[in-house]
Number of protein chains: 2
Amino acid sequence: MTLFDQSIDRRNKTPFYVQLANLLREAIESGEFKRGDSLPPERELESSFMVSRNTVRQAITVLENEGHVHRIRGSGTFVTQASPNPHIRIDAFIEHMGLLRLLGYEPSYKQLSNEIKNADVYLSEKLELKVGEKVFFRRGITFAGDQPAIYTEVYIGSSRTGGVEPAWDPTNKVFFDFLEKVVGDIVTSVDIDISPVVTEGELCAHFDKPECSPLLLLETTVIGLHDPKPISFGRNYYNPEIVKFSALRT
Amino acid sequence: MTLFDQSIDRRNKTPFYVQLANLLREAIESGEFKRGDSLPPERELESSFMVSRNTVRQAITVLENEGHVHRIRGSGTFVTQASPNPHIRIDAFIEHMGLLRLLGYEPSYKQLSNEIKNADVYLSEKLELKVGEKVFFRRGITFAGDQPAIYTEVYIGSSRTGGVEPAWDPTNKVFFDFLEKVVGDIVTSVDIDISPVVTEGELCAHFDKPECSPLLLLETTVIGLHDPKPISFGRNYYNPEIVKFSALRT
DNA sequence: GAGTGGTCTAGACCACGAG
DNA sequence: TCGTGGTCTAGACCACTCC
């Protein structure tokens, strides 16, 4: 089944450009187009798939943003890479359970505590609220099988929940869904600060590691749609033996 | 000078959508549109700036990819955030000297060595060449003022340079230009693996830190246009006190 | 129902790369 | 000079949100 044996399903509600991007991606991943090969020119795809050139360009843009291809004006569109590595794109919008499942693990979550705190100076800056204001705090460990993979601390300002204590429903495993329900807002973006840290104190026990083992810390600020104030601030410590992150510069 | 006081310069060779994106970005950064505000609807921008709606959409897509705005179908386009933090986007295409300059430091580079090695198994996989094949190796430290900021090791397969030893011209400070000249290829993308490590042995001396201090390691594989084989593989250790990375999930 | 962003078309001309 | 991707236009209809 090569690329041109297939076509766009015009009755399918999936946008044409998404369908075409999928076909092209499959052709790349199946090896029909190898690294360094050029893709068929846009005008050829246009006539072959009976769509407008803009639609073709939209499809190729999808692949470009994924890092599958790059375009050279005057020359063509070329297959970049496709190094299938067991790494998670650090800019991917994925929550912890799904992430570990993607890496082939059986994930589980163990809650360590769930309390009400008062915001200190650092937190008040991160969540844009007053020092001393009530914040809901939850922390826990996500396991990959029986290995501790991620230690998480999350803070949610009580003003964002209307003062209501967030009820974590264990049947609802998707953190962002939980967050959206709790604050009644839609998550639009997550700011991430990346830093390396070492295990010390409590962290050693959580990760069952000696002192001074490296961990990756991602500090996440979740931004919502309706209220410009951050929805939550969290610290996520990743066991580098289990969760490996990657990025791509193009 | 508000947004609608300005217009697109049609004699300017800068694409209209770039000009419009710049105007919108300035309006956001100047505070004319605050976080959570909605941008003017696309059809209003279309008529105000006398461009087609596609061009307006292209401009807004630029801002969206930068994380400045996000779109909600049926509602509008909203200013996300532009948390002005002194962090470097990890997916930004910037080399070390420019990066440190951006952070307000006076950068300098000190070469530690420049040698020819034979590829070990790990390198042979990364550079896609045979074990034992000749590789050029260079390592050094980039300083931020007088503080060590980045320790770098770079490997370039000798087959990619035609066997010629790369001559690092100290007047040419931009690494990618150097790389492109050396291998006669165009850099198209850089794969990055992100991991936390701790100082040990030689690294302690390079960074003037005690053992077990955290460092961020970015392993970079540089991909070129014409030859699908990687151009270079490098290890970059960042002092987290000086270089802070961020990412954005949208 | 009115207004918003999302998709799509069928053209056009320009800028660049390579032969 | 020719083929490529880059930009741009002026429409059209759909899907969704909000009133």
Side-chain angles (χ1 to χ4, degrees), chain A residues 7-22 24 33 36-65 68-80 180 184-186 188 224-226 250, chain B residues 7-22 24 33 36-65 68-80 180 184-186 188 224-226 250:
Chain A
S7 62
I8 285 171
D9 178 2
R10 283 163 189 276
R11 291 162 314 184
N12 188 326
K13 64 185 184 329
T14 307
F16 298 174
Y17 79 92
V18 175
Q19 293 187 45
L20 181 52
N22 290 341
L24 290 167
F33 298 100
D37 285 359
S38 70
L39 249 46
E42 296 175 355
R43 287 166 181 83
E44 185 180 335
L45 293 171
E46 175 183 358
S47 57
S48 296
F49 290 95
M50 309 274 283
V51 292
S52 75
R53 183 155 163 244
N54 274 351
T55 302
V56 171
R57 285 181 59 74
Q58 227 176 332
I60 293 176
T61 299
V62 171
L63 300 180
E64 195 179 20
N65 289 337
H68 281 104
V69 303
H70 58 268
R71 308 201 248 218
I72 309 282
R73 188 204 298 225
S75 299
T77 301
F78 300 87
V79 177
T80 306
E180 293 188 342
D185 200 348
I186 297 166
T188 56
L225 169 58
H226 295 107
T250 54
Chain B
S7 62
I8 285 171
D9 177 0
R10 283 164 189 275
R11 292 162 314 183
N12 189 326
K13 64 185 186 327
T14 306
F16 297 174
Y17 79 92
V18 175
Q19 293 188 46
L20 181 51
N22 291 340
L24 290 167
F33 298 101
D37 285 359
S38 70
L39 248 46
E42 296 175 353
R43 287 165 180 85
E44 185 180 336
L45 292 171
E46 175 184 359
S47 57
S48 296
F49 289 95
M50 308 274 282
V51 292
S52 75
R53 185 157 161 241
N54 275 350
T55 302
V56 170
R57 287 182 57 75
Q58 226 176 332
I60 293 177
T61 298
V62 171
L63 300 181
E64 195 179 22
N65 289 338
H68 282 102
V69 303
H70 58 267
R71 306 202 248 216
I72 308 282
R73 186 203 299 224
S75 298
T77 301
F78 300 87
V79 177
T80 307
E180 293 188 342
D185 200 348
I186 297 165
T188 56
L225 169 59
H226 295 108
T250 55

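Only this structure's heavy atoms are used, side chains among them; waters, hydrogens and symmetry mates stay out.
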> From the options dC8(C), dC13(D), dG6(D), select the nucleotide whose nearest atom is closest to the side chain of P15(A).
dC8(C)
> As a test of reading the structure: which of dG5(D), dG6(C), dC8(C) is closest to the side chain of R73(B), going by heavy atoms?
dG6(C)
> Is the phosphate of dT9(D) approached by R53(B) (side-chain N or O, under 4.0 Å from OP1 or OP2)?
no
> Give a yes/no on whether any side-chain N or O of Y17(B) is located under 4.0 angstrom from OP1 or OP2 of dC8(D).
no
> Both G74(A) and Q58(A) contact DNA chain C. Taking the nearest nucleotide for each, which residue is further toward the 5' end?
Q58(A)
> Which nucleotide, dG5(C), dG5(D), dT9(C), lies nearest any side-chain atom of T55(A)?
dT9(C)
> Would you indicate, yes or no, if dG3(D) has its OP1 or OP2 atom less than 4.0 angstrom from a side-chain nitrogen or oxygen of S75(A)?
no
> Hey, does the side chain of R10(B) come within less than 4.0 Å of dT9(D)'s phosphate (OP1/OP2), counting only N and O?
yes
> So Q19(B) and D9(B), do their side chains get closer than 4.5 Å, heavy atoms only?
yes
> So, does R57(B) get its side chain near the phosphate of dG5(C), meaning an N or O under 4.0 Å from OP1 or OP2?
no
> Over how many whole Å does the gap from L39(B) atom CG to dG3(C) atom P extend?
19 Å
> Would you tell me whether S52(B) and N54(B) have side-chain atoms, one donor and one acceptor, within less than 3.5 Å of each other?
no
> Taking only heavy atoms on the protein side, list every residue of residues 42-52 of chain B lying under 4.0 Å from any atom of DNA chain D, sorted numerically.
R43(B), M50(B), V51(B), S52(B)
> Mind checking I72(A) for me? I need base, sugar-phosphate or nothing, with any heavy atom below 4.0 Å counting as a touch.
sugar-phosphate
